[in-house]
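Single-structure report; data block below.
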Amino acid sequence: MFLMWIVPLLLIGLVVYVISGDNLVNALKPFVSASRKCPHCNQAAQNDWKNCPHCGQTL
Ligand SMILES: [Zn+2]
């Protein structure tokens with residue numbers, strides 16, 4: 001029976017998807033929170049940068 005194989009595979013796939021989804025969110029959290037934009041030129045800047053490397057604006 002083909003369907004008898006599909007059901008457990010779908011369940012495993014769902015579990016893997018949920019777990020990997022959580023890991024993906026956790027992996028992206030520091031990256032997302034660490035990234036910000038320069039208020040002057042709107043270029044990407046990091047939290048530990050004191051000045052924008054693109055326009056020199058103090059961040
Ligand atoms: Zn800038």
Side-chain angles (χ1 to χ4, degrees):
M1 279 289 286
F2 183 67
L3 287 177
M4 289 177 70
W5 288 96
I6 286 294
V7 172
L9 282 177
L10 281 177
L11 287 174
I12 293 171
L14 184 66
V15 169
V16 170
Y17 173 78
V18 169
I19 293 174
S20 63
D22 280 347
N23 288 337
L24 189 64
V25 169
N26 287 332
L28 287 177
K29 260 182 189 173
F31 177 76
V32 170
S33 63
S35 63
R36 59 178 183 172
K37 287 184 175 179
C38 170
H40 186 251
C41 66
N42 214 32
Q43 294 286 332
Q46 292 182 7
N47 280 340
D48 56 344
W49 292 355
K50 289 183 170 55
N51 292 85
C52 173
H54 304 283
C55 67
Q57 175 80 22
T58 302
L59 297 175

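One-based numbering along the sequence shown. Counting starts at 1 for both ligands and their atoms, following the listed order. Everything quoted here is computed from the prediction, not taken from an experiment.
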Once you round to the nearest 0.5 Å, how far does [atom1] of [X] lie from [atom2] of [Y]?
{"X": "Gln43", "Y": "Cys55", "atom1": "CD", "atom2": "SG", "value": "8.5 Å"}
{"X": "His40", "Y": "Asn51", "atom1": "NE2", "atom2": "CG", "value": "12.5 Å"}
{"X": "Asn42", "Y": "His54", "atom1": "CG", "atom2": "NE2", "value": "10.5 Å"}

Heteroatom test (N, O or S) for His54 near the Zn ion (ligand 1), limit 2.8 Å | no
Taking both backbone and side-chain atoms into account, decide whether His40 has an N/O/S atom under 2.8 Å from the Zn ion (ligand 1).
->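 It does not: His40 brings no N, O or S atom closer than 2.8 Å to the Zn ion (ligand 1).
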Heavy-atom pair of closest approach, residues Leu59 and Ala45 | CD1-CB, 3.6 Å
Nearest 10° is fine: what angle sits at the Zn ion (ligand 1) between SG from Cys41 and SG from Cys38?
->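 An angle of 110° at the metal.
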